[in-house]
Amino acid sequence: MILDIPFKLLLLFSSFSFTGVPAGATTAGLGSQHAQLLPYNNQRTSHFFNVKTFGAQADGLTDDTKAFLSAWNKACQATGEVDIMIPKGTYLVGPLKFAGPCENVSKIIVHMKGYLKATTNLFKYGDGAGWVEFRWIEGLTLTGGGTFDGQGAKAWPYNSCSTDFNCKLLPTNVKFLAMNRTIVRGITSVNSKFFHMALVECKNFKGSKIKISAPADSPNTDGIHIERSSGVYFSRSLIGTGDDCISIGQGNSQVTITSISCGPGHGISVGSLGRYKDEGDVSGLVVRDCTMIGTSNGIRIKTWANSPGRSAATNMTFENINMENVTNPIIIDQAYCPFASCTPMGPSQVKLSDIYFKKIKGTSLSAVAVALECSKGIPCQDIYLEDVHLELATGEKQVTSTCKNVRAKYIGTQIPPPCA
């Protein structure tokens, strides 16, 4: 991830809400063909809301934003379990803010089968706003095989974040803020203007069978970004984009990432950390059974030099990771700087400890396959490499490793050889 966003700006993304629709009838009309898709269960109170009933045209040209918000607001006023239907079709929408709390709703299932296209008019979003946001909701399930198309190609030329510290932030495709017990399954995100998916202050979040796609040169199009969240689990997903496939920001705990195929992209990253004051610690991260294909990095931990405050990233395991033609398979960079030039005044104040790299195998495009550059102010502690087998993709010579401010501990196979 080239750009890292402070928590205050992430909250700014979620400005403006749509709430307060008077309670109406307990159900919204569905055509009989849709009702047949979701059999009524007499053992529970259930309500169905179809965006077409609220006026959505699904022709790809008409702005269907009001219809989506009307369906949501009626659903949020219902009682018991709620089903929102987005049938097949192309919907031009945005921005959309689906806000809770829905006090009398026990579960909301959004059956998204349609193809959603984001408006390309950036003036409609405001600085740092999202496109589709879900906020303050208990028990949301988003599923159905539908697609979020951010139409980012028209916005990417306006991204100046690689050179401007105070750049204007483009909208994220799908954002989840302060959610609890969320399930996202079988959803596709393409060509986001900025991040594809972002989690902020979420708990008990499960994502699976997600497809994310954007060109390799699309700026800041992180696949999944996680910030200040806990109990997060992502699995069985395909991510190919222009930045980190998954980025683990500050303040996260108990995050598990499994069975992810990443490429193109910048790999799976922790950080960057230590850019802002009062950042939260990272702990309890597990990344396993993943494949990196042609990515610029494999597993990367990055922290800024000259941190304004102290924080820590600890108890992290990266296991059974396959690298296929990856430029930097294993990298710790505690002097991270994404800009053309940086003049760090002091060492990183982020403490890295209890980090395990296990069963990392495959091919490297660079001669240095393992680079551990830790902070001279707070050297890394308890860094373990177990059964690492990385070879140069060309097969011409053996890869090497480099180390700074760390004494790593080695177990089993070590190719490249341990640092001297």
Side-chain angles (χ1 to χ4, degrees), residues 226 232 244-248 250 252-260 262 267-274 281-292 295 297-303 310-324 326-336 347-364 366-392 398-420:
I226 306 170
V232 176
D244 294 334
C245 288
I246 299 178
S247 53
I248 312 298
Q250 55 99 7
N252 290 304
S253 63
Q254 306 308 315
V255 175
T256 300
I257 309 294
T258 70
S259 301
I260 303 296
C262 169
I268 294 178
S269 293
V270 177
S272 60
L273 306 176
D281 295 341
V282 176
S283 64
L285 170 65
V286 175
V287 178
R288 65 171 182 264
D289 304 331
C290 295
T291 299
M292 311 291 163
T295 54
N297 303 291
I299 298 299
R300 176 171 57 161
I301 302 171
K302 49 184 177 175
T303 76
R310 291 201 172 199
S311 61
T314 185
N315 186 22
M316 300 188 293
T317 298
F318 306 93
E319 183 173 8
N320 195 28
I321 311 298
N322 186 45
M323 310 283 184
E324 298 181 15
V326 174
T327 304
N328 301 297
I330 298 175
I331 180 170
I332 293 177
D333 180 5
Q334 290 210 261
Y336 174 72
S348 176
Q349 296 298 306
V350 180
K351 181 178 180 179
L352 303 181
S353 63
D354 297 303
I355 300 172
Y356 299 81
F357 300 97
K358 299 180 179 180
K359 299 180 180 178
I360 313 294
K361 63 183 183 300
T363 54
S364 173
S366 63
V368 179
V370 177
L372 309 178
E373 182 177 350
C374 295
S375 170
K376 63 181 180 181
I378 308 178
C380 296
Q381 294 182 352
D382 296 324
I383 308 298
Y384 296 85
L385 285 86
E386 178 178 346
D387 292 331
V388 175
H389 191 147
L390 297 165
E391 298 182 350
L392 198 62
Q398 190 176 67
V399 293
T400 62
S401 58
T402 62
C403 298
K404 292 182 181 179
N405 306 308
V406 59
R407 291 185 177 180
K409 301 176 181 181
Y410 300 92
I411 304 168
T413 301
Q414 293 300 323
I415 302 174
C419 299

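- In terms of heavy atoms, Leu390 sits closest to Met323 at CD2-CG, 4.0 Å.
- The nearest pair of heavy atoms linking Ala369 to Pro329 is O-CD, 3.4 Å.
- Of the two cysteines examined, Cys380 and Cys374, the SG atoms meet the criterion of being under 2.5 Å apart.
- The CG atom of Asp281 sits 10.5 Å away from atom NZ of Lys351, with the distance rounded to the nearest 0.5 Å.
- One distance of note links CD1 of Ile226 with OG of Ser247; it measures 7.5 Å at 0.5 Å rounding.
- Using modelled atom types, no side-chain atom of Gln398 and backbone atom of Pro417 make a donor-acceptor pair closer than 3.5 Å.
- Pairing of Cys403 with Cys419 by a disulfide is supported, the SG atoms lying closer than 2.5 Å.
- Judged by distance alone, with hydrogens and angles left aside, the side-chain atoms of Asp333 form a donor-acceptor pair with the main-chain N or O of Ala335 at under 3.5 Å.
- By the 4.5 Å heavy-atom criterion applied to side chains, Phe318 and Leu285 are counted as neighbours.
- Once rounded to the nearest 0.5 Å, the distance linking CD1 of Ile355 with OG1 of Thr314 reads 7.0 Å.
- Contact between Val399 and Pro416 at its shortest, heavy atoms only, is O-CB, 3.2 Å.
- Separating the OG atom in Ser353 from the CD1 atom in Ile378 is a distance of 10.5 Å, to the nearest 0.5 Å.
- In terms of modelled atom types and a separation under 3.5 Å, the side chain of Asp387 and the main chain of Thr413 share a donor-acceptor contact.
- The minimum heavy-atom distance linking Val350 with Gly274 is given by the pair CG2-CA, 3.7 Å.
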- [ ] Take Thr303 and Gln334, measure what side-chain hydrogen bond (donor to acceptor under 3.5 Å, both in side chains) needs, and give me the verdict at the end.
- [x] CA-CA 5 Å; Thr303 76; Gln334 290 210 261; 3.0 Å; yes
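- Atoms CD1 and CD1, from Ile248 and Ile268 in turn, are 8.0 Å apart once rounded to the nearest 0.5 Å.
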Open item on the list: side chain to side chain contact (heavy atoms under 4.5 Å, CB included) for Asp382 and Lys409? Distances and angles first, verdict last.
Closed with: CA-CA 7 Å; Asp382 296 324; Lys409 301 176 181 181; 3.0 Å; yes
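- The one candidate from Val368, Ile360, Ile301 that meets the side chain to side chain contact (heavy atoms under 4.5 Å, CB included) condition with Ile330 is Ile360.
- The nearest pair of heavy atoms linking Val326 to Asn297 is CG1-C, 3.5 Å.
- Between Met316 and Ile299, the closest side-chain pair of non-hydrogen atoms is not below 4.5 Å.
- Counting heavy atoms of neighbouring residues, nucleotides and ligands inside a 6.0 Å radius, atom NZ of Lys359 does not exceed 12 of them.
- Side-chain contact between Leu385 and Val370 is present, with heavy atoms from C-beta onward closer than 4.5 Å.
- Put simply, the side chain of Ser375 gets close to the backbone of Ser348: a donor and an acceptor are under 3.5 Å apart.
- Lys361 pairs in a side chain to side chain contact (heavy atoms under 4.5 Å, CB included) with only one of the listed residues (Val388, Ile321, Asn320), which is Asn320.
- The shortest heavy-atom contact between Leu392 and Ser366 is CD1-O, 3.3 Å.
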TODO: Just do the side chain to side chain contact (heavy atoms under 4.5 Å, CB included) check on Arg300 and Thr295 with the steps written out, would you?
DONE: CA-CA 11 Å; Arg300 176 171 57 161; Thr295 54; over 6 Å; no
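- For the atom pair CG (Leu352) and CG (Asp354), the distance works out to 10.5 Å, reported to the nearest 0.5 Å.
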